[in-house]
Amino acid sequence: MNLFEALILGLIQGLTEFLPVSSSGHLAIASSLLGIEGADNLMFAVAVHAATVLATVCVLWKEIGRLATSFFTFRKNADSQMVLKLLLSMIPVAIVGIFLKDYVEALFGEGLLLTGIMLLLTAVLLTFTYLVRSEGTGKVSFRDAFVIGIAQAVAVLPGLSRSGSTIATGILLGNRRADVAKFSFLMVIIPVLGEALLDIMKGDFSTSATGISPITLAAGFIMAFVSGAVACRWMLKLVAKGKLVYFAWYCVAAGAFAIVLSLVK
């Protein structure tokens with residue numbers, strides 16, 4: 001992987017992590033077009049995912065600080081309850097990530113054909129949400145948190161947007177769009193870091209094994225962080241305005257492209 005490729009992939013990861021278009025699906029498509037695979041791809045994916053987590057923390061630092069203060073000072077209020085809801089939402093994806101991820105990958109694979117199909121499914125989900133649910137008024141309950149967590153666990157499939165799945169599920173449950181968007185971005189912080197840790201434990205990330213230089217890796221990290229921070233802020237505004245359906249058309253185009261690419265490669 002060279003510097004230009006790292007910047008391109010970092011930009012793609014940062015933008016698509018928060019937009020409902022599947023970052024994993026776009027990384028798979030871009031990596032295929034650039035001919036990047038193996039240890040290079042895995043190491044880079046760990047780095048840019050960490051960058052988007054950092055972007056989330058920077059954008060939502062006020063909310064995170066308030067939640068952490070309430071939780072660790074044992075205050076019984078809405079903020080400490082929200083922390084418990086976030087932790088509850090992480091249980092399904094933790095089970096899948098620790099015990100079922102390898103089985104899911106073996107069963108469904110990670111090819112471009114699956115990515116394309118899941119992108120089309122993302123488009124269907126976004127369109128369905130737009131057609132059947134208007135602005136909700138409820139707050140995320142413990143039940144809602146767990147159901148949204150299940151949606152996040154299902155979205156381990158490449159091409160199925162995590163943010164799209166969780167935000168759409170929360171809206172369908174009758175929650176306020178702005179609240180669901182923040183909940184979706186907060187709930188992914190620990191799972192992404194946990195997945196990165198599992199990948200590090202399983203992989204060989206020495207320079208000799210990957211062939212990617214520290215400068216190239218740092219460039220991708222910085223690009224993913226900057227573009228991720230911009231996309232996170234933008235997405236919070238878009239969800240509040242209820243304009244997710246526009247991304248459905250994009251997912252259709254991206255999904256069709258991935259399917260065609262899988263057939264010609």
Side-chain angles (χ1 to χ4, degrees), residues 13-14 16-24 48-72 77-101 104 122 125-126 129 136 138-157 160-198 224 228-229 231-240 244:
Q13 166 62 26
T16 58
E17 176 65 31
F18 299 99
L19 303 181
V21 295
S22 177
S23 62
S24 62
V48 294
H49 275 89
T52 50
V53 167
L54 182 59
T56 306
V57 173
C58 290
V59 172
L60 299 176
W61 68 271
K62 289 183 179 179
E63 287 83 355
I64 293 174
R66 189 181 67 248
L67 293 174
T69 299
S70 294
F71 184 73
F72 290 110
N77 55 23
D79 288 334
S80 59
Q81 283 196 341
M82 178 58 68
V83 175
L84 294 176
K85 293 172 185 177
L86 289 168
L87 294 174
L88 177 64
S89 73
M90 298 173 193
I91 293 177
V93 75
I95 294 174
V96 171
I98 296 173
F99 300 107
L100 299 175
K101 184 179 179 181
V104 171
T122 298
L125 178 61
L126 294 175
T129 304
K139 294 184 178 180
V140 178
S141 66
F142 281 97
R143 184 209 64 171
D144 295 343
F146 188 72
V147 175
I148 295 172
I150 294 175
Q152 177 173 246
V154 174
V156 298
L157 294 172
L160 186 58
S161 171
R162 187 206 62 81
S163 62
S165 298
T166 54
I167 292 173
T169 299
I171 293 173
L172 288 172
L173 290 171
N175 297 294
R176 291 182 64 247
R177 297 176 183 273
D179 292 343
V180 170
K182 288 184 179 180
F183 189 86
S184 172
F185 295 157
L186 289 171
M187 70 186 286
V188 76
I189 293 176
I190 294 178
V192 167
L193 293 178
E195 182 179 9
L197 179 60
L198 289 175
C232 184
R233 291 184 182 277
W234 186 36
M235 187 62 178
L236 289 171
K237 295 178 181 180
L238 284 176
V239 174
L244 289 182

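Put simply, the side chain of S165 never gets that close to the backbone of Q152: no donor and acceptor are under 3.5 Å apart. Remark: the backbone N or O of V180 is not paired with any side-chain donor or acceptor of S184 at under 3.5 angstrom. For N175 (side chain) and V140 (main-chain N/O), a donor-acceptor pair under 3.5 Å exists by modelled atom type. Distance alone, capped at 3.5 Å, places no donor-acceptor pair between the S89 side chain and the M187 backbone. At distances below 3.5 Å, at least one donor-acceptor pair connects side-chain atoms of S80 with backbone N or O atoms of N77.
For the residue pair C232 and V59, the shortest heavy atom distance occurs at SG-CG1, 3.8 Å. Residues T169 and A151 come closest through the heavy atom pair OG1-CB, 3.4 Å. Between A55 and G228 the shortest heavy-atom distance is CB-C, 3.9 Å. Considering every non-hydrogen atom in both P92 and G149, the closest pair reads CB-O, 3.6 Å. Here the closest non-hydrogen pair linking T52 and A224 is CG2-O, 4.1 Å.
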Please step through side chain to side chain contact (heavy atoms under 4.5 Å, CB included) for the pair F183 and L86, ending with a clear verdict. CA-CA 7 Å; F183 189 86; L86 289 168; 3.5 Å; yes

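Note: L19 CG to L238 CG = 7.5 Å, rounded to the nearest 0.5 Å. One finds the CG atom of L173 at 4.5 Å from the CG atom of D144 (value rounded to the nearest 0.5 Å). In this structure, CG on D179 lies 7.0 Å from CE on M82, to the nearest 0.5 angstrom. Note that CG of L88 is 12.0 Å distant from CD of Q81, once rounded to the nearest 0.5 Å. Separation of atoms OG (S24) and NE2 (H49) is listed at 7.0 Å; rounding is to 0.5 Å. The CH2 atom of W61 lies 15.5 Å from the OG1 atom of T56; values are rounded to the nearest 0.5 Å.
Every residue two or more places apart in sequence or in another chain that forms a ring pair (Phe, Tyr, Trp, His ring centres under 6.0 Å) with F185 is listed here: F18.
In this structure the side chain of F142 reaches within 4.5 angstrom of the side chain of L84, judged on heavy atoms. In this structure, V188 and T166 have side chains that are not in contact, with every pair of non-hydrogen atoms separated by 4.5 Å or more. For the pair I167 and M235, the minimum side-chain heavy-atom distance is below 4.5 Å. Counting heavy atoms from C-beta on, the side chains of T122 and V21 never come closer than 4.5 Å. Between L126 and P20 the shortest side-chain heavy-atom distance falls below 4.5 Å. Between T129 and L244 the shortest side-chain heavy-atom distance does not fall below 4.5 Å.
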